[in-house]
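Structure first, then comments.
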Amino acid sequence: MLSLLKTNVGRLRIIGFLEGISLLMLIFIAVPLKYYAHNPAMVKAIGPAHGALFLLFIFNTLSVGVEQGWQFKNTTWKVLLACIIPFGTFYIDKQILYKIDVKH
């Protein structure tokens with residue numbers, strides 16, 4: 001796990017994992033609690049954290065894309081799209097980011 005912190009791609013993978021977990025918690029736990037149990041506390045707690053992770057993921061994706069020389073139409077947009085789809089960051093980690101990180 002500590003080896004992931006040594007590269008920009010590794011850090012993007014960690015942020016992607018955390019962003020993916022926060023999105024799933026928001027969609028499947030916090031929002032249902034807000035609307036069905038009338039308890040918005042989890043949305044108030046998880047929402048800002050998810051927002052911060054979302055922005056970190058976006059900025060780091062763009063940074064890694066430039067560093068790696070990704071073509072926007074082939075790779076970068078797929079990674080960016082992954083952060084708005086539930087389970088997307090996990091899929092993109094396995095399909096793109098893991099393969100890049102292993103090469104280094």
Side-chain angles (χ1 to χ4, degrees):
M1 181 71 159
L2 290 176
S3 64
L4 290 175
L5 294 173
K6 295 179 182 177
T7 66
N8 286 337
V9 175
R11 287 187 288 276
L12 179 60
R13 292 180 66 203
I14 292 170
I15 294 167
F17 176 78
L18 295 173
E19 195 276 338
I21 293 293
S22 71
L23 177 61
L24 293 176
M25 288 175 60
L26 200 56
I27 290 173
F28 294 114
I29 298 170
V31 171
L33 281 174
K34 178 180 179 178
Y35 289 105
Y36 297 117
H38 306 289
N39 184 356
M42 293 247 341
V43 170
K44 289 180 180 178
I46 296 172
H50 170 70
L53 289 166
F54 177 80
L55 290 174
L56 273 172
F57 187 82
I58 297 290
F59 293 133
N60 279 287
T61 296
L62 295 174
S63 174
V64 169
V66 169
E67 174 189 286
Q68 296 290 320
W70 292 347
Q71 290 185 341
F72 188 86
K73 66 180 183 174
N74 292 331
T75 307
T76 308
W77 76 270
K78 293 176 188 176
V79 178
L80 290 172
L81 182 64
C83 69
I84 61 171
I85 299 172
F87 301 100
T89 55
F90 307 118
Y91 175 80
I92 220 71
D93 180 70
K94 183 173 177 64
Q95 296 299 314
I96 296 175
L97 300 177
Y98 173 77
K99 294 173 184 175
I100 295 169
D101 201 28
V102 170
K103 289 180 184 176
H104 291 113

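Between the NZ atom of Lys6 and the CZ atom of Arg11 there is a distance of 11.5 Å, given to the nearest 0.5 Å. The structure places CZ of Phe59 at 11.5 Å from CD1 of Ile15, a figure rounded to the nearest 0.5 Å. Rounded to the nearest 0.5 Å, atoms NE2 (His50) and CD1 (Ile27) are 7.5 Å apart. Atom CG of Leu12 is separated from atom CG of Asn8 by 8.5 Å, given to the nearest 0.5 angstrom. The distance from the CE atom of Met25 to the CG atom of Leu33 is 10.5 Å, given to the nearest 0.5 Å. To the nearest 0.5 angstrom, Leu81 atom CG is 8.0 Å from Ile92 atom CD1.
Inter-residue side-chain proximity for Val79 and Trp70 is flagged as met; some heavy-atom pair is nearer than 4.5 Å. Looking at Ile84 and Leu23, their side chains never come closer than 4.5 Å, going by heavy atoms from C-beta outward.
Ile58 and Val64 fall into different hydrophobic clusters, where Ile, Leu, Val, Met, Phe, Trp and Tyr residues are linked whenever their side-chain heavy atoms come under 4.5 Å apart, directly or through other members. Trp77 and Ile85 fall within the same hydrophobic cluster, where Ile, Leu, Val, Met, Phe, Trp and Tyr residues are linked whenever their side-chain heavy atoms come under 4.5 Å apart, directly or through other members. Linking ILVMFWY side-chain heavy atoms closer than 4.5 Å, directly or via other members, places Ile100 and Leu62 in two distinct hydrophobic clusters. Connection of Phe28 to Ile46 is established within a shared hydrophobic cluster, with ILVMFWY side chains joined at heavy-atom distances below 4.5 Å, either directly or through further cluster members. A single hydrophobic cluster is seen to contain both Ile29 and Phe87, as judged by linkage of ILVMFWY side chains at heavy-atom distances under 4.5 Å, directly or through other members.
Considering only residues two or more places apart in sequence or on other chains, Phe90 meets the ring pair (Phe, Tyr, Trp, His ring centres under 6.0 Å) condition with Phe17. Residues satisfying the side-chain contact (heavy atoms from CB on, under 4.5 Å) criterion with Leu18, sequence neighbours excluded, are Ile14, Leu53.
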Residues Tyr35, Val43; criterion side-chain contact (heavy atoms from CB on, under 4.5 Å); working and verdict: CA-CA 10 Å; Tyr35 289 105; Val43 170; over 6 Å; no
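What you find for Glu19 and Cys83 is that their closest heavy atoms are OE2-O, 3.1 Å.
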